[in-house]
Amino acid sequence: MYTGSNGPQYRPLTDQQVETIHDAALTILESIGLTYEEGLSETIDMLEKAGAFVDRSGARVRFPRELITEQVAKAPSEITFYGRDAKHD
């Protein structure tokens with residue numbers, strides 16, 4: 001159990017285990033990628049322009065590790081989820 005600023009937090013994995021999973025996910029996105037369906041041409045164009053590898057004949061997008069790392073660095077370090085009722089925030 002880890003005690004964070006908002007009280008105890010359940011942390012079933014060690015930092016090393018989290019890093020192993022993260023590295024495996026990056027490897028999968030880089031080497032295998034994701035398939036997509038028709039109707040996403042604007043999104044696929046945007047991903048390709050950003051540096052993703054697009055195989056239009058196979059409908060597959062692969063993401064270089066560096067691209068993912070750059071985009072994650074731009075994300076906020078913290079987000080807040082709000083409930084419909086403020087007492088659940």
Side-chain angles (χ1 to χ4, degrees):
M1 193 71 64
Y2 168 77
T3 302
S5 60
N6 295 326
Q9 298 177 3
Y10 179 62
R11 297 190 67 180
L13 302 174
T14 66
D15 289 344
Q16 180 58 49
Q17 290 170 321
V18 170
E19 183 61 34
T20 298
I21 292 168
H22 177 72
D23 186 58
L26 291 176
T27 298
I28 290 167
L29 289 170
E30 189 171 39
S31 61
I32 298 171
L34 302 170
T35 59
Y36 62 91
E37 296 181 10
E38 290 183 30
L40 296 173
S41 59
E42 289 180 27
T43 301
I44 298 304
D45 291 343
M46 177 190 68
L47 290 170
E48 188 171 40
K49 185 176 179 182
F53 302 113
V54 177
D55 173 6
R56 293 178 192 279
S57 65
R60 183 171 301 273
V61 180
R62 292 182 301 113
F63 302 87
R65 186 175 297 251
E66 297 78 24
L67 175 62
I68 296 170
T69 304
E70 289 170 6
Q71 298 308 311
V72 168
K74 294 177 183 179
S77 61
E78 191 174 292
I79 61 170
T80 303
F81 290 101
Y82 294 97
R84 284 187 244 175
D85 187 328
K87 72 181 180 184
H88 299 295
D89 290 350

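Remember, predicted model here, so these are calculated numbers, not experimental data.
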* Side-chain heavy atoms of Thr14 within contact of Gln17, under 4.5 Å -> yes
* Matching residue for Leu47 among Leu67, Val61, Leu34 - test: side chain to side chain contact (heavy atoms under 4.5 Å, CB included) -> Val61
* Asked: Looking at residues at least two apart in the chain, or sitting in another chain, which of them share a side-chain hydrogen bond (donor to acceptor under 3.5 Å, both in side chains) with Thr43?
  -> none
* **salt bridge (Lys or Arg N to Asp or Glu O under 4.0 Å) against Asp85, all qualifying residues, sequence neighbours excluded** => none
* Structure fact -> Glu48 meets the salt bridge (Lys or Arg N to Asp or Glu O under 4.0 Å) criterion, sequence neighbours left out, with Arg56
* Asked: Which residues pass the salt bridge (Lys or Arg N to Asp or Glu O under 4.0 Å) test with Glu70, sequence neighbours left out?
  -> none
* Tell me, do Ile21 and Gln16 make a side-chain contact under 4.5 Å, heavy atoms counted? -> no
* Asp23 side, atom CG; Arg65 side, atom CZ - distance, nearest 0.5 Å -> 4.5 Å
* Is there a side-chain contact between Phe63 and Leu26, using heavy atoms and a 4.5 Å cut-off? -> no
* Linking I/L/V/M/F/W/Y whenever their side-chain heavy atoms sit closer than 4.5 Å, directly or via other members, would Phe53 and Ile32 fall into one cluster? -> no
* With Asp55, which residues qualify under salt bridge (Lys or Arg N to Asp or Glu O under 4.0 Å), at least two apart? -> none
* Asked: Rounded to the nearest 0.5 Å, what separation is found between the CG atom of Leu40 and the CE atom of Met46?
  -> 10.0 Å
* Looking at residues at least two apart in the chain, or sitting in another chain, which of them share a side-chain hydrogen bond (donor to acceptor under 3.5 Å, both in side chains) with Glu42? -> none
* Shortest non-hydrogen contact from Ala52 toward Pro64 -> CA-CD, 3.9 Å
